[in-house]
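Have a look at the structure below before the remarks.
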Amino acid sequence: MTDTQALADKKILLGVTGGIAAYKAAELTRRLQDHGAEVRVVMTRGAQTFITPLTFQALSGNPVHTELLDPQAEAGMGHIELARWADLLLVVPASANFIAKVVHGFGDDLLTTLCLARRAPLAIAPAMNQAMWANPATQNNIIKARELGILQFGPGNGVQACGDVGQGRLMEVPDIVKSVLEHFKPSQSTADNKSAQLLAGKTVLLTAGPTREAIDPVRYISNHSSGKMGYALASAAAELGAKVILVSGPTNLSAPQGVECIRVSTALEMQAAVMAKISETDIFIGSAAVADYRPASVAEQKIKKTQDRDDMTIELVKNPDIIAGVAASNPKPFTVGFAAETNDVANYARGKLARKNLDMIIANDVSRSDIGFNADQNEVTVYWKGGEKPMPNLDKSVLAIELMQLVGARYLNHSS
Ligand code: PMT
């Protein structure tokens with residue numbers, strides 16, 4: 001038993017679909033119960049080829065539901081009643097077939113019917129072979145799932161049961177539990193007024209997204225930042241009661257609710273927008289992927305291909321280091337940077353923490369395609385002088401709340 005009991009009044013309907021990861025749902029049942037949740041289990045036919053209903057019955061202490069048209073089960077708790085019983089419908093593992101069915105509104109077995117009849121949010125933890133995950137059909141279904149408001153936990157990256165390596169592994173059980181706890185946290189925020197008001201009266205200034213450094217009127221130098229991490233942090237800061245100003249490079253994202261968004265394109269524009277707001281800033285977070293260099297000059301007309309040369313050189317000049325400028329300003333806001341690294345992540349991150357005079361740095365391994373640039377998930381370690389905190393692989397929106405709480409707590413500690 002944990003002492004948190006954070007899920008004490010929560011009813012979780014755990015759907016288990018067919019896949020080698022189905023056995024991990026058994027451990028998940030126990031871990032959710034550790035936090036006080038009541039768990040009922042629904043298994044598809046596929047799931048029952050990997051693990052028996054008896055296991056889940058013993059673990060959950062409740063009968064396991066397997067059939068849509070089972071008069072005996074319906075007499076106990078009908079499927080509509082079961083769908084309405086749940087505070088969260090959590091499907092672990094969620095197979096490619098299940099995801100395809102649920103996003104297209106199929107109700108051809110008990111679990112998909114429960115998904116249609118539910119009132120509670122639906123969360124899925126996908127698990128499948130990496131090629132199945134990468135298949136455009138699955139990826140389209142995942143996009144559709146997000147549009148339908150279905151929460152997604154994972155998948156992770158690594159060695160798979162079949163020996164392949166790649167994305168598609170079930171998110172680790174402790175991380176699924178953490179995501180469930182985070183999911184229920186906002187609904188506790190009214191009760192937990194102290195946490196909701198952590199940054200009340202404070203101003204948080206953030207940068208997000210890439211910068212674009214023009215070469216000529218049609219070409220530019222940039223990077224793969226989508227802005228998702230920075231926008232999620234802006235939204236989390238607003239949720240914690242802060243006044244939030246977001247200086248954003250070019251992205252496809254809409255400004256989070258209640259956030260003042262200043263759109264810029266180049267590093268120089270980003271620096272000017274940041275420095276114009278710095279005097280009113282309590283906490284600065286630099287999540288933007290700012291181009292370190294820009295072309296020394298921008299051609300007025302489109303550069304033409306020449307017949308006589310096969311190569312071309314573009315002279316670059318250094319851009320200002322925006323965050324180092326923020327940290328050097330007087331008074332200095334509490335300054336938090338990111339470090340995007342492909343190797344020796346911890347060392348480079350600590351180096352940047354000291355060199356740029358930051359209060360905290362969030363280290364991001366951007367050699368991985370499942371996290372960091374343009375991914376929906378992220379996994380980071382936060383460093384500060386004398387401390388560090390690794391964070392699990394989480395949806396960026398969930399991770400952002402964790403990060404803002406940590407940043408907020410350290411800021412308050414530092415300024416008291
Ligand atoms: O936008 P997403 O697709 O969601 O991806 C998120 C992310 C990977 C972009 C984000 O998590 C991240 O790691 N952002 C920092 C990217 C980066 O440029 O890191 P860096 O190690 O090069 O820079 C270190 C710090 O200095 C950063 O806080 C950066 O904003 C800042 N910097 C860098 C250069 C510069 N000229 N000015 C700066 O302020």
Side-chain angles (χ1 to χ4, degrees), residues 205-213 221-236 246-253 256 264-275 277-278 281 283-294 316-329 333-384 391 393-400 402-404 407:
L205 174 64
L206 303 102
T207 62
T211 63
R212 279 185 190 167
E213 311 298 334
I221 296 171
S222 192
N223 56 67
H224 295 292
S225 171
S226 63
K228 288 177 195 169
M229 190 69 248
Y231 278 57
L233 284 164
S235 175
L246 176 65
V247 179
S248 171
T251 72
N252 292 324
L253 305 175
V264 297
S265 185
T266 66
L268 290 175
E269 288 169 10
M270 186 171 273
Q271 182 197 35
V274 164
M275 294 318 282
K277 295 283 181 185
I278 207 66
T281 299
I283 300 175
F284 175 82
I285 304 178
S287 78
V290 184
D292 288 321
Y293 292 88
R294 67 179 186 278
L316 302 177
V317 293
K318 218 177 208 169
N319 266 327
D321 191 320
I322 300 171
I323 203 166
V326 166
S329 58
F334 189 79
T335 310
V336 183
F338 271 78
E341 307 293 347
T342 52
N343 63 305
D344 212 358
V345 180
N347 274 339
Y348 282 128
R350 284 184 200 282
K352 282 180 183 170
L353 177 74
R355 199 170 57 252
K356 298 190 185 215
N357 190 26
L358 308 179
D359 295 293
M360 297 175 87
I361 195 152
I362 302 165
N364 217 165
D365 181 350
V366 291
S367 68
R368 287 170 55 179
S369 61
D370 61 322
I371 59 169
F373 283 109
N374 201 19
D376 290 315
Q377 259 79 31
N378 211 356
E379 189 180 323
V380 297
T381 300
V382 189
Y383 297 94
W384 59 92
M391 300 281 195
N393 187 319
L394 293 169
D395 192 275
K396 281 179 178 169
S397 59
V398 177
L399 177 67
E402 291 274 304
L403 286 171
M404 274 319 304
V407 168

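Numbering of ligands and ligand atoms starts at 1, following listing order.
Shown here is N252, whose CG atom has no more than 12 heavy atoms of other residues, nucleotides or ligands within 6.0 Å.
Only the backbone of S287 comes within 4.0 Å of ligand 1, judged by heavy-atom distances.
Checked against a 3.5 angstrom limit, the closest N/O atoms of M229 and ligand 1 fall inside it. Looking at N319 next to ligand 1, no N or O pair under 3.5 Å apart turns up. On a distance-only criterion, V366 and ligand 1 share no N/O pair closer than 3.5 Å. The shortest N or O to N or O distance between A340 and ligand 1 is under 3.5 Å. Any N or O atom pair closer than 3.5 Å counts here, and I322 shares at least one such pair with ligand 1.
The shell of residues lying under 4.0 angstrom from ligand 1, judged by heavy atoms, includes G372. In this structure, P320 has a heavy atom closer than 4.0 Å to ligand 1. Ligand 1 has at least one atom lying under 4.0 Å from a heavy atom of G227.
The closest protein non-hydrogen atom to atom 8 (C) of ligand 1 is N364 OD1, 3.5 Å. The protein heavy-atom contact nearest to atom 34 (C) of ligand 1 is D292 OD1, 3.3 Å. At the shortest separation from atom 21 (O) of ligand 1 among protein heavy atoms lies K352 NZ, 2.4 Å. Counting protein heavy atoms only, atom 31 (C) of ligand 1 is closest to I323 CG2, 3.8 Å. The single protein non-hydrogen atom nearest to atom 2 (P) of ligand 1 is S226 OG, 3.4 Å, given as residue, atom name and distance. Counting protein heavy atoms only, atom 28 (O) of ligand 1 is closest to G286 O, 2.6 Å.
The closest non-hydrogen atom to atom 16 (C) of ligand 1, taken over A288, A291, S225, comes from A288. For atom 18 (O) of ligand 1, the candidate residues are A289, A349, A232; the nearest heavy-atom contact is made by A289. The residue from L233, V290, L353, N223 that puts a heavy atom closest to atom 35 (C) of ligand 1 is V290. Selection from K396, K356, Q377 by nearest heavy atom to atom 33 (C) of ligand 1 gives K356. The residue among Y231, F338, Y348 with a heavy atom at the shortest distance from atom 24 (C) of ligand 1 is F338.
Below 4.0 Å from some heavy atom of K228 lie the following atoms of ligand 1, by number and element: 1 (O), 2 (P), 4 (O). Atoms of ligand 1 lying under 4.0 Å from at least one heavy atom of D321, given by number and element, are 35 (C), 36 (N), 37 (N), 38 (C), 39 (O). Each of the atoms 28 (O) of ligand 1 lies under 4.0 Å from some heavy atom of G337.
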Trace of the side chain to side chain contact (heavy atoms under 4.5 Å, CB included) decision for V326 with M275
CA-CA 7 Å; V326 166; M275 294 318 282; 4.3 Å; yes
Under the criterion side chain to side chain contact (heavy atoms under 4.5 Å, CB included), I'd like the reasoning laid out for L268 against R294: C-alpha separation, chi angles, the key distance, then a yes or no.
CA-CA 10 Å; L268 290 175; R294 67 179 186 278; 3.8 Å; yes
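The backbone N or O of G372 lies less than 3.5 Å from a partner atom in the side chain of N378, making a donor-acceptor pair.
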